[in-house]
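Structure record follows, encoded as structure tokens.
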Amino acid sequence: MKRLLSGIQPTGKLTLGNYIGALQQFVKLQDELEDTELFIFIADLHAITIPQNRQELKKNIRSVAALYVACGLDPNKVNLFVQSEIPEHAQLGYVMESTAYVGEMERMTQYKDKKGKQAEGIRTSLLTYPALMAADILLYDADIVPIGDDQKQHLELTRNLAVRFNNAYGQTFTVPEGYYTKTGARIMSLTEPTKKMSKSAENPKSYILLLDDLAQVRNKIKSAVTDSDGLIKYDPKKKPGISNLLTIYSALTEYSIKQLEEMYEDKNYQVFKADLAEIVADALRPIQSKYFEIMNGTELDKILDHGAEKARVVAQRKLVKVYKKLGLGRIR
Ligand code: TYM
């Protein structure tokens, strides 16, 4: 039996980038993969690498959990759980810190970016974050890790740490493979299409939130930055704006980018954007109605309790094995 694992941080609201890069993939894989156990969690420990408001964090944890289900994850097929409820994540995270080198952590692009934006008060956990992410993955011997392009470097590090540990202590961890979408591995900002669409960006017009009002969603798509030559062609270097919109269109429909270029050969940006606005709104409508139904219901806690129970069994067993290999404590 293989294992799939992935997670999303409960910081702020989830975006269309999270949906296309991660959530949509989770649902697709849940339906396609056979003989695979799925673990999908809410990465709340990762959220405290930067300051969080307690009430907001609580709300966001529930909100991400509800979005998992609203986007189509079936709790009968997937173990959904909250990371901090399984203490082995933090425990193996420390072991991974004791496997990784400081230089490796300092080289992580995401750390350098985030550090660059913050003058002081950078938390140690922002630096050691990839060790915790490696632990999240290795704790479950995950074979497949569906992620967006921005997490690729962290996955590579995880693979290196698994190999290093295995070489030092004997076969212990499965070396995981990343799983990326062909078109949507990186959805870009609508206002600055050379940057990633991010929930932490300052300009709300740059991202689409899964829970945005649909009229707002349409407006954001219609006012997305494009170039002035008017050709609907995929060329991320020269035409990042329209290329990003083509990527979104393709990810949410059955059409390939090539087919879209042909369909819109004689059309202008306005027509293309109006069509895309409807496609995005149509994709979000059912997610939003399901989301509110779940948030108002009583099922969510049961789903997360059940998921945590399943996760705990796997995690506990693995951590004991690792401690034993390291010679920690009195376990024989
Ligand atoms: P996070 O919470 O930043 O993002 C969750 C997932 O969404 C993807 N994503 C995107 N994909 C395409 N375009 C975008 N603009 C975009 N923005 C975000 C991310 O690549 C990610 O797959 N460290 C992780 C959470 C994590 C994790 C793990 C993931 C913790 N432990 C173990 C996998 C396995 C993170 O911060 O993702």
Side-chain angles (χ1 to χ4, degrees), residues 3-31 33 36-49 52-90 132-133 136-137 139-140 142 145-148 199-200 207-214 217 282-316:
R3 291 224 181 94
L4 173 149
L5 174 131
S6 197
I8 296 183
Q9 286 197 53
T11 42
K13 307 275 182 337
L14 299 198
T15 67
L16 190 63
N18 293 127
Y19 181 69
I20 294 174
L23 283 154
Q24 198 186 25
Q25 299 310 306
F26 302 167
V27 177
K28 185 174 144 253
L29 290 166
Q30 150 194 282
D31 297 332
L33 292 177
T36 309
E37 216 177 347
L38 292 92
F39 292 90
I40 307 247
F41 65 98
I42 297 131
D44 58 344
L45 290 173
H46 286 272
I48 61 165
T49 51
Q52 297 290 341
N53 171 290
R54 171 176 182 276
Q55 293 303 342
E56 284 283 307
L57 182 58
K58 278 226 156 313
K59 227 170 48 196
N60 287 336
I61 291 170
R62 278 192 86 72
S63 175
V64 174
L67 275 171
Y68 277 151
V69 182
C71 287
L73 286 180
D74 175 354
N76 293 313
K77 293 187 184 165
V78 184
N79 301 308
L80 296 174
F81 65 96
V82 181
Q83 181 190 29
S84 65
E85 293 177 13
I86 312 294
E88 287 78 7
H89 285 253
L132 180 59
M133 179 159 164
D136 297 336
I137 298 169
L139 197 52
Y140 297 87
V145 183
I147 39 176
K199 51 196 166 199
S200 53
Y207 52 72
I208 289 180
L209 299 179
L210 297 184
L211 299 175
D212 265 348
D213 170 74
L214 296 184
V217 168
D282 287 347
L284 298 189
R285 194 176 298 109
I287 295 174
Q288 296 188 354
S289 61
K290 187 92 201 278
Y291 171 83
F292 292 111
E293 202 182 292
I294 298 162
M295 286 298 270
N296 294 327
T298 54
E299 274 301 295
L300 201 55
D301 282 316
K302 285 185 207 144
I303 292 171
L304 295 174
D305 285 347
H306 176 75
E309 253 171 61
K310 293 277 189 174
R312 198 166 288 127
V313 175
V314 180
Q316 285 178 345

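The closest donor-acceptor contact from the side chain of Asp44 to the backbone of Ser84 lies under 3.5 Å. Without hydrogens or angle criteria, Arg312 side chain to Glu88 main chain gives no donor-acceptor distance under 3.5 Å. Between the side chain of Gln52 and the main chain of Ala47, a donor-acceptor pair closer than 3.5 Å is present.
Aromatic ring orientation, Phe39 versus Phe81: perpendicular (interplanar angle above 60°, classes split at 30° and 60°).
Interatomic distance, CG of Leu33 versus CZ of Arg3, reported as 14.0 Å (0.5 Å rounding). Between atom OH of residue Tyr140 and atom CG of residue Leu5 there is a gap of 7.0 Å, rounded to the nearest 0.5 Å. With rounding to the nearest 0.5 angstrom, the CG atom of Leu38 is 8.5 Å from the CG atom of Leu73.
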Would Glu299 and Ile294 satisfy side-chain contact (heavy atoms from CB on, under 4.5 Å), going step by step from the backbone distance to the final call?
-> CA-CA 7 Å; Glu299 274 301 295; Ile294 298 162; 5.9 Å; no
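Contact detail for Leu4 and Thr36: the closest heavy-atom pair is N-CG2, 3.8 Å. Heavy atoms only, all atoms of each residue included: Val64 and Gln9 are closest at CG2-O, 4.3 Å. When all heavy atoms of Lys77 and Asp31 are compared, the pair lying nearest together is NZ-OD1, 3.5 Å. Between Ser63 and Leu211, the shortest heavy-atom distance links the atoms OG-CD1, 4.3 Å.
No side-chain donor from either of Asp74 and Gln30 sits under 3.5 Å from a side-chain acceptor of the other.
With salt bridges taken as basic N to acidic carboxylate O contacts below 4.0 Å, none links Asp305 and Lys302.
Screening Leu23, Val78, Leu14 for a side-chain contact (heavy atoms from CB on, under 4.5 Å) with Tyr68, the sole residue that qualifies is Leu23. Each of Leu80, Asn79, Leu29 was evaluated against Ile40; a single residue qualifies, Leu80, per the side-chain contact (heavy atoms from CB on, under 4.5 Å) test. Considering Asp212, Val217, Leu209, Ile208 as possible partners of Leu16, the one that fulfils the side-chain contact (heavy atoms from CB on, under 4.5 Å) test is Ile208.
Atom NZ of Lys199 sits in a crowded spot, with more than 12 heavy atoms from other residues, nucleotides or ligands closer than 6.0 Å. When the shell of 6.0 Å around NZ of Lys58 is examined, it contains 12 or fewer heavy atoms from other residues, nucleotides or ligands.
For Asp213, there are no salt bridge (charged side-chain N to carboxylate O under 4.0 Å, His left out) partners two or more places apart in sequence or in a different chain.
Side-chain contact check for Thr11 versus Asn60: every heavy-atom pair is 4.5 Å or farther apart.
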